[in-house]
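Have a look at the structure below before the remarks.
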Amino acid sequence: MNDAQLNIAVCDDEAYMREMLCKELERQFAKRKINIHITEYDAGEGLLEADSLFDIIFLDIEMPGFDGMQTARKIREGNSYTKIVFLTSHIEPVRTAYQVGAHRYLIKDSYLDEIEECIDSIIEADGQFVSYSVVHEGIPVEIKEKDILYISSRHNGTEVWLDNFVGLSDKSLGEWEKILSSSLFARVHKGYIVNVSHIDFIDEKIVLYSGEKIAFSRRKKSEIKEKYTKYMCKGGR
């Protein structure tokens with residue numbers, strides 16, 4: 001179980017939209033084993049008066065009073081941390097959404113088709129959202145998903161390789177495969193899972209930026225390359 005918790009705000013003047021979106025967010029994050037706390041707001045003014053610092057805000061663009069754009073501009077005054085996802089019924093306001101550093105926008109009529117990719121992109125953009133516990137020299141240590149280079153199988157568990165140490169886990173590779181971000185990690189061999197963001201290039205072996213080389217199954221080569229290419233096309237290093 002991932003012990004990280006995200007503080008999320010949903011701001012929309014339509015109660016039905018808030019209810020449906022909150023249920024979907026709970027479902028999506030539960031699937032990723034990420035704990036969340038959601039606070040609902042029916043107006044931008046209420047959101048701006050909140051004492052909490054939110055990790056993610058799902059913000060309706062078209063609201064009476066302070067609309068989503070005005071609210072986002074206020075939020076961005078001294079806050080570049082929070083991920084803002086705009087909700088809109090029309091595509092027209094989307095260009096201005098990026099003027100306030102919006103991470104994504106979701107069209108209300110089709111948001112269920114897009115929300116999974118949206119959440120994955122937020123998690124990948126900030127690996128601090130996802131952490132796991134491993135054991136290093138007999139002591140439990142919290143590590144960030146983004147910092148994992150690769151995971152290898154061992155007797156009675158796995159070794160989790162990072163830049164500066166190797167952690168031990170009693171999870172199997174199969175269990176890791178179920179909880180890690182599917183767009184960031186690839187099962188490259190029966191004995192290895194690799195973080196594609198740490199791949200330098202793929203030749204006879206997978207070569208990481210650290211210089212380490214990982215063997216991969218030939219039948220998985222096209223799948224690995226496709227996942228790596230998708231990551232790079234989304235702005236990977």
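Nothing here was measured: the structure is a model prediction, and the numbers come from that model.
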Under 3.5 Å: donor-acceptor pair, side chain of D60, backbone of M63: no
Flag if over 12 foreign heavy atoms under 6.0 Å of CG, N164: yes
Contact check, side chains of L59 and V85, non-hydrogen atoms, under 4.5 Å: no
Verify same cluster id: I151, V135 (apolar side-chain graph, 4.5 Å): no
Distance-minimising heavy-atom pair for K227 and V196: CG-CG1, 4.2 Å
Check: Y132 ring centre within less than 6.0 Å of W176 ring centre: yes
Pair I119-F29, side-chain contact (heavy atoms from CB on, under 4.5 Å): steps then yes or no: CA-CA 8 Å; I119 290 171; F29 281 103; 3.7 Å; yes
Within-4.5 Å side-chain heavy-atom neighbours: V160 and L168: no
Salt-bridge present (E117, R104; N to O < 4.0 Å): yes
Spacing of S172 atom OG and N156 atom CG [to the nearest 0.5 Å]: 11.5 Å
Would you be so kind as to tabulate the donor-acceptor pairs closer than 3.5 Å made by side chains of residues 13-24, with sequence neighbours excluded?
| residue | atom | partner | partner atom | Å |
| --- | --- | --- | --- | --- |
| E14 | OE2 | K108 | NZ | 3.3 |
| R18 | NE | E40 | OE1 | 3.2 |
| R18 | NH1 | D12 | O | 2.7 |
| E19 | OE2 | K23 | NZ | 3.3 |
| E24 | OE1 | R27 | NE | 3.3 |
| E24 | OE2 | R27 | NH2 | 2.9 |
| E24 | OE2 | Q28 | NE2 | 2.8 |

Spacing of CD1 belonging to I8 relative to OG belonging to S52, to within rounding of 0.5 Å: 12.5 Å
Lys/Arg cation over aromatic F185: R187, 6.0 Å, 45° cone: no
Test side-chain contact (heavy atoms from CB on, under 4.5 Å) applied to M69 and R73, step by step: CA-CA 6 Å; M69 285 299 170; R73 288 191 180 97; 3.7 Å; yes
I199 and V207, any side-chain heavy atoms less than 4.5 Å apart: no
Heavy-atom closest contact (A215 atom, V188 atom, distance): O-CG2, 3.8 Å
Aromatic ring proximity Y209/H198, centre distance under 6.0 Å: no
NZ/K31: more than 12 non-hydrogen atoms of other groups inside 6.0 Å: yes
Taking every non-hydrogen atom, the tightest pair across A9 and Y41: CB-CE1, 4.1 Å
Partner of E204 by salt bridge (Lys or Arg N to Asp or Glu O under 4.0 Å), out of K213, K221, R218: R218
Pair I36-N7, side-chain contact (heavy atoms from CB on, under 4.5 Å): steps then yes or no: CA-CA 6 Å; I36 62 172; N7 197 19; over 6 Å; no
Side-chain heavy-atom pair I115, L25 within 4.5 angstrom cut-off: yes
Spacing of CD belonging to E45 relative to CD belonging to Q70, to within rounding of 0.5 Å: 8.5 Å
side-chain contact (heavy atoms from CB on, under 4.5 Å) between R32 and I179, worked out: CA-CA 6 Å; R32 292 163 176 77; I179 62 176; over 6 Å; no
Any side-chain heavy-atom pair of I224 and I206 under 4.5 Å: yes
Point-to-point distance, once rounded to the nearest 0.5 Å, from CG of L162 to NE2 of H136: 10.0 Å
Atom pair CD1 (I193) and OH (Y150), whose distance is rounded to the nearest 0.5 Å: 13.0 Å
Minimal non-hydrogen separation, T71 against G44, with atom names: OG1-CA, 3.4 Å
Within 6.0 Å of NZ in K74, more than 12 heavy atoms from elsewhere: no
ILVMFWY cluster, V166 and I143 together (side-chain gap under 4.5 Å): yes
Heavy-atom side-chain proximity of C118 to L106 below 4.5 angstrom: yes
Check: T158 side chain, K171 main-chain N or O, donor-acceptor pair, under 3.5 Å: yes
Shortest non-hydrogen contact between G68 and F86, atoms and distance: O-CE2, 3.7 Å
Distance in Å, I84 CD1 paired with I122 CD1, rounded so as to fall on 0.5 Å steps: 11.0 Å
Distance-minimising heavy-atom pair for I214 and K205: O-CB, 3.5 Å
Side-chain heavy atoms of L6 within contact of F54, under 4.5 Å: no
F58 vs C11 side-chain heavy atoms within contact, under 4.5 Å: no
